[in-house]
Amino acid sequence: MTNKLILIDGNSIAYRAFFALPLLNNDKGVYTNAVFGFTTMLLRILEDEKPTHMLVAFDAGKTTFRHKTYGEYKGGRQKTPPELSEQFPLVKELLDAFNIMHYQLNQYEADDIIGTLAKHGEKQGWEVNVISGDKDLLQLVSNKVKVSLTKKGLSDVDTYTPTFMEEKMEVSPEQIIDMKALMGDSSDNIPGVPGVGQKTAVKLLKEFKTLEVLYENLDKVSGKKLKEKLENHKEDAYMSKELVTIECESPIEISLENITYNGYEPNQVSAIFKDLGFQSLLTRIEGDVTIPVEEKEELSNLEIEVLDKVEDNIFTGVEAFEVEMLGDNYHLAAIEGFGLVNENKKYFIPTDVAIKSDAFKRWAEDGKYKKWVFDAKKVTVALLKHDIQIKGIEFDLLLASYLIDPSENHHDIPAISHRLGQKQVLFDEEVYGKGAKMKVPEFDELVNHITRKANMIYLLKEEVEKELEQNEQLELLKELELPLSIVLGEMEALGVQVDVDRLKHMGEELKERLQTIESEVHELAGETFNLNSPKQLGPILFEKLGLPVIKKTKTGYSTSADILEQLQNKHEIIPKLLVYRQLGKLQSTYIEGLLKVVHKDNQKIHTRFNQALTQTGRLSSIEPNLQNIPIRLEEGKKIRQAFIASKDGWVIFAADYSQIELRVLAHIANDEKLIEAFNNDMDIHTRTAMDVFHVEADEITDNMRRQAKAVNFGIVYGISDYGLSQNLGITRKDAKTFIDRYLNSYPGVQTYMDEVVQEAKQKGFVTTLMNRRRYLPDITNRNFNLRSFAERTAMNTPIQGSAADIIKLAMINLNEKLKEENMQAQMLLQVHDELILEAPIEELDRLKEIVPSVMESAVELSVPLKVDYAYGKTWYDAK
DNA sequence: AAATTCACGC
DNA sequence: GACGTACGTGAATTTA
């Protein structure tokens, strides 16, 4: 195998990186853009080229041997900006971490070092690749030596081989020197021959091959003026030649053996990336960053006191507290026991002992006694069922862990503990088993497990809070998520009243209609089959009935609604299938699904809001999901008639933010036009249509508005041109045109989009209004898909996440306000941009004031927030 | 039990 | 120019 030598022009690449990337600094206030760009280039080279030898050469200082020839060499050059010069030491540190040799030599330039080593490598028959941004180096190109020059940005390079050179430059590598001698180089202050630029130089060299031949045959040069100039500046030309010629025999003190490259130590690189704040590059490190191998640690003995009675004096006022339940539906599960840890002792309190104890209740309900818990909402709901209203929760390990990194999949106590190096706790699976085999272990083991969990909360609180503090997220936890979790707990525990009879009635009706359609479809298909099976349906549609295949999935034909819609008129079976799908969905998911989760005792549904799941900061809702109850199609919307107020004379009251995401966008992008549109309370989709289609309001057709709406939708959800094209049934190219026109119309938005992506590249994450974070390691991935996805996420998450922040704050404030005003009205649900409450009719007038005003004033943006509301006997009627 | 496909909301 | 492309939950079917 031949050796492969990579020679990098350090100064040149650092310069390119510096000017290609915006000037951002890391958390320590140090500028790192050049280092960052340098690093991405380095990683790319290592991944692609797999060099065996490597060196980064730097210029040594102000004067070089060339100054003796020409005092004005590189004169008049702009001084290196201090923001860049301070980054050179960092680049060298970085190279050290990569175990890459770097070198500079007094009186010589990086070019000379590179030239010298390139010749050495060439002589050995090695493959040599020179990387720079400086065209002068092209003179080194040969059959063995390739030169890669950075193009505009950093990611793109042109690699010059002798053939590519002839093609692109129209001269040979040797002629580069003569060309430069003739044309000069203003950036290096090399005179050349005045009036001779690249064009003329190339023309001359094509004819005469070398500078020497040219001057020997000066009389053959056509053009009187040109001849004169050449004659008068002969000396300049020869001197210039000397200046641009790379010294390939510079007295370097290193040799090829010194610069073998044996790869880097992942840990060292990881350390410096973290130090520089290059989170996003951590994933590019090849090889394992040895997270000291997760070794199974024996559990040491833990001194636990199992209480048979709770005394007031066991509480210190600061305790970690774990409420353990088996299975995750805390509305149904029984409490297995409590763990309690404070600075003095570790206790296990059996469920009965605690809930029957006045002392326990006194402690729990007294806000002066501070509690550190895992999942404040679960704790709140679980205790509420035993008539205990817990107060004084001041730390929640679940929420903290989520805020630190929402992309982490496992936010349970053992997983978090192990991540932070605390191993003295088992995973639930180890204790309880999993799946069908899940069961409560014997008492001692249970006591141990639960108390250890409480102990972990106690041990980790400080460290986790410190990290939040460093990320400026402590307020987000203490003032937003934690108070919200209490509010959510109350909402969940209260539950939503369901009209079960109505659901059942709808179910019976549906059942009949479904049966009718099913037999009709079987009739049309000429055979019976399972309508719910795409696998059976596919062959019938596309083989037996011969309908055109529009799209395939990896296992067969696609039969999704958008495909079927395109086949609407091809066969009468299609519309029937579509109705069947629609009704079937209602039946299985919404009628049967909801009936399954209605609590028998009170005919209420108690959903659970997952507050530590989504990547954007939104809530999700499970068992059942009450955030996707049908609304678009009338048939489905009727499901909402089954959601009713819990008392006679009460109503459902729903309030929703109008265009909150686009308002947030107007604010954070600070886009003049968008801000103006909202300040004038314009119809935003119409406004967008005017801007995208360049027409007046009265010329806008329904279709134009529909398309504009889809574009806005795309902006808010960060969809791609492909997504938009699917959405509108247009080509990707047209979709891209729409997006481009949108961004041209709103330059503030364009700038924001560019900046937020750059910021994500530098920092590795994006943030929302209230400092929620989302890490985007793929933002520098070289896989186009992954990178594009990360880029869209970078643009979208601050928008959607900030909207989530705002409604969360509004919920806390509204809850507060309702209590303050002694209202009976209660929040029931949150559906991303809307709040659903129930309230006595008598409170309606006040609610109409309070709810919108609290929601609208949650934060002050550069545009107003607008809230619409409606109410009625059922959720359906609150429209 | 896990993967696949489909469909509902924002 | 290719790549497969908003986030969630849940149902039914199929595969393993």
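Letters A, B, ... are given to chains in the order of the sequence lines, protein chains preceding strands, and every chain is numbered from 1. Computed from a predicted structure; not experimentally measured.
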Sugar-phosphate, base or nothing in reach of A/Leu786, heavy atoms under 4.0 Å: nothing
Options B/dC10, C/dC3, C/dT9, nucleotide nearest the side-chain atoms of A/Phe784: C/dC3
Worked verdict on A/Asp778 versus A/Arg787 for salt bridge (Lys or Arg N to Asp or Glu O under 4.0 Å): CA-CA 5 Å; A/Asp778 284 339; A/Arg787 189 176 63 250; over 6 Å; no
A/Lys736/A/Asp740 salt bridge by N-O under 4.0 Å criterion: yes
Shortest non-hydrogen contact between A/His832 and A/Leu619, atoms and distance: CE1-O, 3.3 Å
Distance, C1' atom - from B/dC8 to C/dA6, rounded to whole angstrom: 15 Å
Rounded distance in Å - CD (A/Glu791) to P (C/dG4): 17 Å
Sugar-phosphate only, base, or nothing, as touched by A/Gln536 at under 4.0 Å among non-hydrogen atoms: sugar-phosphate
Ring geometry between A/Tyr871 and A/Phe653 (parallel below 30°, tilted from 30 to 60°, perpendicular above 60°): parallel
Sugar-phosphate, base or nothing in reach of A/Thr616, heavy atoms under 4.0 Å: nothing
Salt bridge A/Arg774-A/Glu408, side-chain N to carboxylate O under 4.0 Å: no
Length of the CZ-P vector between A/Arg774 and C/dG8, whole Å: 7 Å
Closest nucleotide among C/dG8, B/dC10, B/dT5 to the A/Thr555 side chain: B/dT5
Sugar-phosphate only, base, or nothing, as touched by A/Tyr722 at under 4.0 Å among non-hydrogen atoms: base
Atom pair distance, as rounded to whole Å: NZ in A/Lys552 and C1' in B/dT5: 15 Å
Intra- and inter-strand pairs of DNA chain C in dot-bracket (Watson-Crick or G-U wobble, both distances under 3.5 Å; | for another strand): ......|||||||||.
Sugar-phosphate only, base, or nothing, as touched by A/Lys585 at under 4.0 Å among non-hydrogen atoms: base
Gap between atoms CG and P, on A/Asp562 and B/dT5 respectively (whole Å): 14 Å
Phosphate contact (B/dG9 OP1 or OP2) by A/Arg632 side-chain N/O below 4.0 Å: yes
Sugar-phosphate, base or nothing in reach of A/Asp833, heavy atoms under 4.0 Å: sugar-phosphate
Nearest listed nucleotide, side chain of A/Asn532, among B/dG9, C/dC3, C/dT13: C/dT13
Any N/O donor-acceptor pair, A/Arg618 side-chain to B/dG9 base, under 3.5 Å: no
Sugar-phosphate only, base, or nothing, as touched by A/Arg608 at under 4.0 Å among non-hydrogen atoms: nothing
Whole-Å gap separating P (C/dA6) and CG (A/Asn712): 17 Å
Touch class at under 4.0 angstrom, heavy-atom based, for A/Ile622 against every strand present: sugar-phosphate
Integer angstrom distance from the P of C/dT5 to that of B/dT5: 12 Å
Length of the CD1-P vector between A/Ile629 and C/dA11, whole Å: 11 Å
Nearest-nucleotide comparison on DNA chain C, the residue closer to the 5′ end among A/Asn796 and A/Asn785: A/Asn785
Touch class at under 4.0 angstrom, heavy-atom based, for A/Glu623 against every strand present: sugar-phosphate
Among C/dT15, C/dG4, C/dA6, the one nearest A/Lys535 by side-chain distance: C/dT15
Donor-acceptor pair (no angle test) under 3.5 Å: A/Ser533 side chain, C/dT13 base: no
A/Thr553 side-chain proximity, nearest of B/dG9, C/dT9, B/dT5: B/dT5
Working for side chain to side chain contact (heavy atoms under 4.5 Å, CB included), residues A/His599 and A/Ile605: CA-CA 6 Å; A/His599 286 231; A/Ile605 283 181; over 6 Å; no
A/Glu623 and A/Arg608 ion-paired at < 4.0 Å: yes
Of the listed nucleotides C/dA6, C/dC3, C/dT9, the one nearest the side chain of A/Arg732: C/dC3
Cation over ring face, A/Lys552 and A/Tyr557, 6.0 Å, 45°: yes
Protein-nucleotide distance (A/Asn530, atom CG; B/dT5, atom C1'), rounded to Å: 13 Å
Touch class at under 4.0 angstrom, heavy-atom based, for A/Ser621 against every strand present: sugar-phosphate
d(CG, A/Asp328; P, C/dT9) in whole Å: 12 Å
Out of B/dC8, C/dT5, B/dC6, whichever nucleotide has its closest atom nearest the side chain of A/Tyr590: B/dC8
Under 4.0 angstrom between A/Thr589 side-chain N/O and B/dA7 OP1 or OP2: no
side-chain N/O A/Thr559 vs B/dC6 OP1/OP2, d < 4.0 Å: yes
Aromatic plane relationship, A/Tyr742 with A/Tyr746 - under 30° parallel, 30 to 60° tilted, over 60° perpendicular: tilted
Touch class at under 4.0 angstrom, heavy-atom based, for A/Gln615 against every strand present: sugar-phosphate
Out of C/dT9, B/dT4, C/dA11, whichever nucleotide has its closest atom nearest the side chain of A/Lys554: B/dT4
Interatomic distance at P, C/dG4 relative to B/dT4, whole Å: 15 Å
Distance under 6.0 Å and angle within 45° of ring axis: A/Arg732 vs A/Tyr722: no
Sugar-phosphate, base or nothing in reach of A/Thr793, heavy atoms under 4.0 Å: nothing
Selected nucleotide, minimal atom distance to A/Ser560 side chain, candidates B/dC10, B/dC6, C/dA12: B/dC6
Axial cation check for A/Tyr876 ring with A/Lys637, 6.0 Å and 45° limits: yes
